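See structure below.
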Amino acid sequence: MPRGGAGPDDVETLIAMSFEKVWEIGHHWDNANFASNAMSNRHTASWGNMGLNDFGREPRGPLPNARSYRWAYIFEGNWTDAYVGISATSDGIRAIDAGLEIGPGGEGNARARSFALGVQGILSCLLALWYEQSFIVDETTDPYVVPEAVDYDAMATHALEELDEAEAASRGSSFTLDERWINGNAWDSNQWADYLVSWKARCAANLPRTDAEAGGANWSQIIANAKNGIRDVVVTGTDSSRGTPWYDGLKSLMQENETWHRMHMDWIGMADQSGEYQDWLSLPLQQRAPRRLTFGDDTRFPPVNEDSVTSEIVSPSIASDGPRSRYHETIIFRPARGRYRQSHYGDMRYDDYTFSCSFCFFGPMEHMTSQEMDHYIAEGHYRMGNFAGAAEIVNETRIEAGLPPAPSNPSDPVPSNEAGECTPRKRYDVQGRCGNLRDAMWFEHFENVFNVFGGLEFWHGRRNDILPAGTALQLPMPTPDLDILVPDVSSAGRDGRASTAGPGSEGLPADFRSALERAALFRSALERAALSLANLEASRTARASKKQDLVIR
């Protein structure tokens, strides 16, 4: 790196690396991903690691938001990653806007700037999805003044505006992304723009904190974006033992049946036909012990209670038929931490990735799927009163799984077979009543976003009011890391602002003084870009050292 500042190649690298923060927030384990999955009662585990014990405990307790908390990265990980990435993109855009040319004649500027704007929008969206409050930061923000905090609605509005701007910039340009920027995806400018459209759908659909808030979302726009964006995104996974960010902790650790994951009884119970789940649910919390269940016609669940039954691995973007889960005779979670957490069942759809290598992982990693987008469309239709349109989408995966179509009349129960079996049963229902179209829609949505991207299961549960009572709906703001938000640039004045002209410039001719000011701004932008690149590289190194935290606790 050039002494004192970044050159064109460094700025382009800075912008390219910023997408790693999107990937890490959505696919790594050292943040809120595991805790939120436990909060959704879709996954269960009793281990202390990643906050699974604390955040999955019932009845729910207060959030331990303190730097002394053993797993404080639950609160700080996504926050820090988002702002490191936003700082990088902002500094990259400043350098370009100050006159930096990437490539001969600046031919690489449009690609770099469009990519930076898009990553900024995605990271701002993720702050809105995860946190109650956060700070709006972009290339226009004064880097020496801490901005005022805004609520998640205001942050989402800003994020969607940034995504609109990035999409427009991409549509108006012609470029191809280096396949290393989103590992394995050498997209053209329109494909990058299509990806941003899908993020608009994901962002707006998952923002609401309650069913009432979700009712007021712009579902017609969400439907349009879910239809018109890129619909399947697969990223190439590489050997994580070598320090690469391109691995997926959700598709490895978060589905590993013998350590970190079993299906919560509240999830698997919606497919139970034996009545055991309803009996389990009727008992006081501490008396609930795991049960063997039966699953009727739904081919996604084990047809027989055979230990570790396996089948062809089925990913959510390919199909819904064929077993995705297995039964285990053994129970691996500590009874003293609550037998209600224990379960015989685990998901196996990503076994080909999980067991590709001993803690190094190879192969394709799903990041967005058609089924995720389809279920936003289904939910939009339902909320707008188009029940037939919702049923048509919901029934695609139901029929593939051997289930009869759900009725388009929202008050009618899903059909039962001759044995009186129906899927799904209503969630948390001790009577075991058959669900209706909305229950079926919830069930299919939950089933088809499993471990695709961190937070999807939790966000789905909160906007439909189906999380366990007392579950927190968002993370509080952690103590801000001002060393990241306000980097210590050596040329900056310590009165809170940098000097743009330098001492003694007041007596110079106006045109010469203006040139000096532009040069100083350019130099400052390059210095900040160099520091941001160093921060990105340091965060990659620091993350690689955290694997020691995976000793079971």
Side-chain angles (χ1 to χ4, degrees), residues 26-58 71 74 237 240 247-271 290-291 293 300-302 307-311 313-316 323-335 337-359 361 363 365-366 446-458 460-461 467-468 547 549-553:
H27 297 276
H28 284 194
W29 57 266
D30 53 342
N31 51 33
N33 287 335
F34 280 45
S36 72
N37 275 352
M39 292 163 74
S40 75
N41 273 26
R42 172 68 168 85
H43 303 247
T44 184
S46 68
W47 309 121
N49 308 63
M50 291 82 86
L52 288 167
N53 181 35
D54 296 330
F55 285 74
R57 183 181 294 116
E58 294 186 57
W71 293 282
I74 292 169
S240 67
Y247 69 90
D248 197 323
L250 277 70
K251 296 174 182 61
S252 52
L253 307 180
M254 194 65 218
Q255 85 132 29
E256 210 290 295
N257 290 193
E258 296 302 332
T259 310
W260 309 110
H261 160 75
R262 292 285 174 91
M263 291 183 175
H264 199 288
M265 285 286 288
D266 281 335
W267 166 251
I268 198 79
M270 294 179 74
R291 309 288 183 94
L293 311 177
R300 293 170 291 195
F301 296 93
D307 197 37
S308 297
V309 61
T310 59
S311 72
I313 305 304
V314 180
S315 74
R324 292 178 171 186
S325 60
R326 58 164 64 92
Y327 171 84
H328 299 270
E329 182 66 37
T330 58
I331 295 294
I332 58 174
F333 300 140
R334 296 178 180 176
R337 294 182 179 179
R339 297 199 70 189
Y340 61 87
R341 303 175 192 257
Q342 296 179 335
S343 170
H344 288 288
Y345 297 93
D347 202 286
M348 65 179 187
R349 75 189 69 188
Y350 291 117
D351 274 5
D352 53 347
Y353 180 79
T354 304
F355 300 115
S356 61
C357 182
S358 178
F359 212 89
F361 316 124
M365 306 177 295
E366 289 173 319
F446 250 146
E447 178 62 22
N448 288 295
V449 298
F450 174 85
N451 281 350
V452 170
F453 188 92
L456 290 180
E457 293 156 85
F458 171 67
H460 169 63
L467 298 175
K547 289 182 180 177
D549 194 40
L550 293 177
V551 176
I552 294 176
R553 301 176 188 275

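Just so it is clear, the structure is predicted and the values come from calculations on it, not from any experiment. Along the sequence shown, residues are numbered consecutively beginning with 1.
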Starting at [atom1] of [X], measure out to [atom2] of [Y] and round the result to the nearest 0.5 Å.
X: Asn37; Y: Leu52; atom1: CG; atom2: CG; result: 9.0 Å
X: Met39; Y: Asp54; atom1: CE; atom2: CG; result: 11.5 Å
X: Asn31; Y: Phe34; atom1: CG; atom2: CZ; result: 8.5 Å

Can the ring centroids of [X] and [Y] be said to lie less than 6.0 angstrom from one another?
X: His261; Y: Phe450; answer: yes
X: Trp267; Y: Phe446; answer: yes
X: His27; Y: Tyr247; answer: no
X: Tyr345; Y: His328; answer: no

Using atom types as modelled and distance alone, determine if a side-chain donor or acceptor of [X] lies under 3.5 Å from a backbone N or O of [Y].
X: Tyr353; Y: Asp248; answer: yes
X: Trp29; Y: Met50; answer: no
X: Arg262; Y: His43; answer: no
X: Arg324; Y: Glu447; answer: yes
X: Asn33; Y: His28; answer: yes
X: Asn53; Y: Gly51; answer: no
X: Arg341; Y: Ser46; answer: no
X: Glu457; Y: Asn451; answer: yes
X: Ser40; Y: Gly461; answer: no

- Message: Using the ring-ring contact (aromatic ring centres under 6.0 Å, His included) criterion, which residues pair with His264? Sequence neighbours excluded.
- Response: none
For a quick test of reading the model, state the closest non-hydrogen atom pair linking [X] to [Y] and the distance between them.
X: Arg339; Y: Pro290; value: NH2-CD, 3.9 Å
X: Glu256; Y: Thr259; value: OE1-OG1, 2.6 Å
X: Gly56; Y: Tyr340; value: O-CE1, 4.1 Å
X: Arg349; Y: Asp352; value: O-OD1, 4.0 Å
X: Ile552; Y: Trp47; value: CG2-CE3, 3.3 Å

- Query: Quick one: does Asn257's side chain get under 4.5 Å of Arg326's, heavy atoms only?
  - Reply: yes
- Message: Check for me whether Lys251 meets the cation-pi criterion with Tyr350, that is, NZ or CZ under 6.0 Å from the six-membered ring centre and within 45 degrees of the ring axis.
- Response: yes
- Task: Could you give me the CA-CA distance, side-chain angles and deciding distance for Met348 and Thr354, then say whether side chain to side chain contact (heavy atoms under 4.5 Å, CB included) is met?
- Result: CA-CA 9 Å; Met348 65 179 187; Thr354 304; over 6 Å; no
- Item | Worked check of side chain to side chain contact (heavy atoms under 4.5 Å, CB included) between Phe458 and Leu467 | CA-CA 8 Å; Phe458 171 67; Leu467 298 175; 3.7 Å; yes
- Qualifying residue, where the test is ring-ring contact (aromatic ring centres under 6.0 Å, His included) with His344 and the options are Phe333, Tyr327, Phe301: Tyr327
